[in-house]
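Taking it in order: structure first as structure tokens, then the write-up.
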4 protein chains.
Amino acid sequence: MTKNQVPSSIKDEALVEKRREQMVKGAVTLFTEKGFHKTTTREIAKAAGFSIGTLYEYIRKKEDVLFLVCDSMYERVKERMEDSIDQNETSIDNLVCAVRSYFTLMDDMQNEVVVMYQEVKSLSKDAQDYVLQKERDMVAMLEKVIINSLPNQLLEGDTALIANNIFVQGQMWGFRRWMLQRTFTLQTYTDRQIHLLLQGLNVQEANLS
Amino acid sequence: MTKNQVPSSIKDEALVEKRREQMVKGAVTLFTEKGFHKTTTREIAKAAGFSIGTLYEYIRKKEDVLFLVCDSMYERVKERMEDSIDQNETSIDNLVCAVRSYFTLMDDMQNEVVVMYQEVKSLSKDAQDYVLQKERDMVAMLEKVIINSLPNQLLEGDTALIANNIFVQGQMWGFRRWMLQRTFTLQTYTDRQIHLLLQGLNVQEANLS
Amino acid sequence: MTKNQVPSSIKDEALVEKRREQMVKGAVTLFTEKGFHKTTTREIAKAAGFSIGTLYEYIRKKEDVLFLVCDSMYERVKERMEDSIDQNETSIDNLVCAVRSYFTLMDDMQNEVVVMYQEVKSLSKDAQDYVLQKERDMVAMLEKVIINSLPNQLLEGDTALIANNIFVQGQMWGFRRWMLQRTFTLQTYTDRQIHLLLQGLNVQEANLS
Amino acid sequence: MTKNQVPSSIKDEALVEKRREQMVKGAVTLFTEKGFHKTTTREIAKAAGFSIGTLYEYIRKKEDVLFLVCDSMYERVKERMEDSIDQNETSIDNLVCAVRSYFTLMDDMQNEVVVMYQEVKSLSKDAQDYVLQKERDMVAMLEKVIINSLPNQLLEGDTALIANNIFVQGQMWGFRRWMLQRTFTLQTYTDRQIHLLLQGLNVQEANLS
DNA sequence: GATGAATGAGCGTTCATTCAT
DNA sequence: CATGAATGAACGCTCATTCAT
């Protein structure tokens, strides 16, 4: 299942792409402010800059908008992660660097993350599976980096667990901002988490560049 | 603000307590299955075992049910945490023990945790503040245990961060069960997280009883 | 149909009388403030000083309260009118005196009058007929006074019309207070209306005592 | 405040006008039969010939329907009054003529008048003020005619009082029809009231054309 | 006689979705 | 392709009335 699983009655694919971008952009703002359920389709249409009738030319159901939002988020996350991670590099530096860029990314996408956390349940079972798979892919990316950086040093389960921890700690930066962003800046939060992580991995930070 | 901030038109306080327990129990199941917004007040009433009219004798608005769910959860969590933590013990054992019982608790309350994660935004600003304060209290409890167990060994910010990490990792067990509970049992999950934690703290696990 | 047409399950008639008085007193205030429909039976019970269960021991339906209010009003009006009118006096003085006391009465019962005007429609057909009959009785009393005061000087229709006009002008003092009581006091309103009335009747006011 | 204070989500203003006319027409019948409170919004929609959803495209709240009814009534009354009164004419004829056309008008709008008398209290404070102001305007129109017809012959207070009496007597024809229309036709009612009025004003009717 | 907890029919209102223009 | 008027199922909530204690 991909975004192509959300059919549109409009033929011109470039137009579909464009309209959906407008839609997603407006929707994220609205969902962040009032949540998926309290946002009406009319509001989405208005925020996107077209009429309610037009909105329904590009989606079938309200839920499709939410799906599109999630999908576009993962798309962007994946893109940026792939750009910033060198999957073949094997030093610890690479792990640190990956965590840094992931946390920065999560900082940029706080709103999207919050929306996702709160609204996935509103998606159909199929769409949920799709979204969950994307999450697994993300965690897998982190796992790979860990394994590359620390070959043969960890139990298999521990790798998965550490990847998960990092993944969640990134999301928490946005999701628990009311608590964390009182005490930390993105910089200090990242630094301290990396510090704890490396200690947990028994790595001497002094060795890092 | 406490549950007493949700007024009832019924005078018999014991009855109010009892009915609200029925209500919360039914509501958690429903909210877990379909979320707060897709659950109707009639369903809540039915699940609680009384009529829609009776439901509204014990609350003012649908939102009150959600608040009651959150409140009862924190009540129970706090109670059990206080029972199982010796706030004066200063050994590392105490920290380990606290984490264990907290994780077990989170395992028992997975549904409640998921509901909280997904639906707090549906509460009024006031109620949100109340709930968030409860979370802060919980994290503070963990912080205290950490400080007691490792006096003078950590930066202040690190204590807060570690407490927060533990807190989130406990909740993670529930809200990411679709991922974690494939690979781990509660036992192994707890063991490995504690292992990583202690390594991060530079503690020799061998010393533990 | 009389108030005895509103059955009570309580045997003690004196008690019924007493409770209903409490009820009517509270109800008039409430109906004046918020109208019959927006007043709840619970509010009536509370204002009367007893519980909702007790309220329903003395009436069958909410509508009965309204009927009781109307009935008690006419009772009191009739009583006071009969006290102040000498039905056998034949001078113009008697008419003037009757109008004066009727207007004063309407001033005292402004709230009741307003309630009646606005809520009779909520009564059952039977109760409406009863209330309308009471009004006819009242107008008939005025007609009698007019005839006594001005024997053989008016067309039959005119008597009825004048009686009606007086009747309505009395009620209007309360019902249109937002307009009239800006310009007039009860005293001046009464004086000017009587002046116009007597001119219309071609009576020399100078002759009056 | 005018009917434009009742916003509609429909853009086509002509359509709004048309639908609201349908709405008001249906609503008057229903309100006359069963009163504002006992009439449901679904009944109003049905009587207007559209669905409940459509009804709410043209109003915000049920109360708006009542306001629209009142507003449309005054609109029509004012229009017809202005058509039939020559505000510069100074003869007594003009007053008589004004009263006649006003009474005829009230005959045509009996239902609306009854609704107004019974339901204004259900309007919001703002709307009530608006409606009451309209009444004042109407009375002021009558006052003007009286002054023009009888310059310098009346106390100022008397003019207001007479205008008020005429105004109420017109409405009385409708809201006391159960009493008056047994004895009078509109014709005879009008004739006799005018007769009494002119006598009260000390005018020789013989002089009239 | 008095109480108040329980009931459920019924109301006002919203909003996703459709479809004629 | 775009529009926006129309629809009606469904929701949250109220309140008159009953009846066991």
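What you see is a predicted model; the values in this text were computed from it and never measured. Chain identifiers are assigned alphabetically (A, B, ...) following the order of the sequence lines, protein sequences preceding nucleic acid strands; residue numbering begins at 1 within each chain. All values below were derived from every heavy atom in this structure, side-chain atoms included, with hydrogens, water molecules and symmetry-related copies excluded.
- Residue contacts shown for T40(A) are limited to sugar-phosphate atoms, with no base heavy atom under 4.0 Å away.
- The distance between atom CD of E43(B) and atom P of dG12(F), rounded to the nearest whole Å, is 9 Å.
- Put simply, NE2 on H37(D) is 12 Å from P on dA16(F), counting in whole angstrom units.
- When heavy atoms are screened at a 4.0 angstrom cut-off, S8(B) is found touching no nucleic acid atom at all.
- Here the side chain of K62(A) is nearest to one of dT3(F), dT7(E), dT17(E), namely dT17(E).
- With hydrogens and angles ignored, a donor-acceptor pair under 3.5 angstrom links the side chain of R42(D) to the base of dT13(E).
- Both cation-pi conditions hold for K62(B) and F36(B): the charged atom is under 6.0 angstrom from the six-membered ring centre and inside a 45 degree cone around its axis.
- Nearest nucleotide to the E57(D) side chain, out of dA6(F), dT17(E), dA2(E): dA6(F).
- In this structure, H37(B) and H37(A) have parallel ring planes: the angle between them is below the 30° cut-off, well short of the 60° mark.
- For the pair R60(B) CZ and dC15(F) C1', the computed distance is 18 Å after rounding to whole Å.
- A residue-by-residue look at E63(B) and L15(D) shows that L15(D) has its nearest nucleotide of DNA chain F further toward the 5' end.
- In this structure, F36(A) atom CZ and dC15(E) atom C1' are separated by 12 Å, rounded to whole Å.
- Note on K34(D) versus E43(D): salt bridge recorded, some NZ/NE/NH1/NH2 to OD/OE distance being below 4.0 Å.
- We find that NZ of K11(B) is positioned 7 Å from C1' of dG4(E), with the value rounded to whole Å.
- Here the C1' atom of nucleotide dT14(F) and the NZ atom of K34(C) are 13 Å apart, to the nearest Å.
- Of the two residues near DNA chain E, I52(D) and S9(C), the one whose nearest nucleotide lies more 5' is S9(C).
- Using a 4.0 Å cut-off between a side-chain N of Lys or Arg and a carboxylate O of Asp or Glu, E57(C) and R19(C) do not qualify as a salt bridge.
- If you take NZ of K38(B) and P of dT14(E), they are 21 Å apart, rounded to a whole angstrom.
- Rounding to whole angstrom units, CZ of residue R19(C) and C1' of dG1(E) are separated by 9 Å.
- The pairing partner recorded for dT17(E) is dA6(F), the criterion being a Watson-Crick or G-U wobble arrangement whose two distances lie under 3.5 angstrom.
- Annotation: of the two residues near DNA chain E, Y58(B) and G53(D), the 5′-most nearest-nucleotide partner is Y58(B).
- For dT17(E), one of the phosphate oxygens OP1 or OP2 lies less than 4.0 angstrom from a side-chain nitrogen or oxygen of Y56(A).
- A side-chain N or O of Y130(C) and one of D71(C) form a donor-acceptor pair less than 3.5 Å apart.
- Contact between the side-chain N/O atoms of T54(D) and the OP1/OP2 oxygens of dA6(F) is not found at any separation under 4.0 Å.
- In this structure, T41(B) and L55(D) both approach DNA chain F, and ranking their closest nucleotides by distance from the 5' end singles out L55(D).
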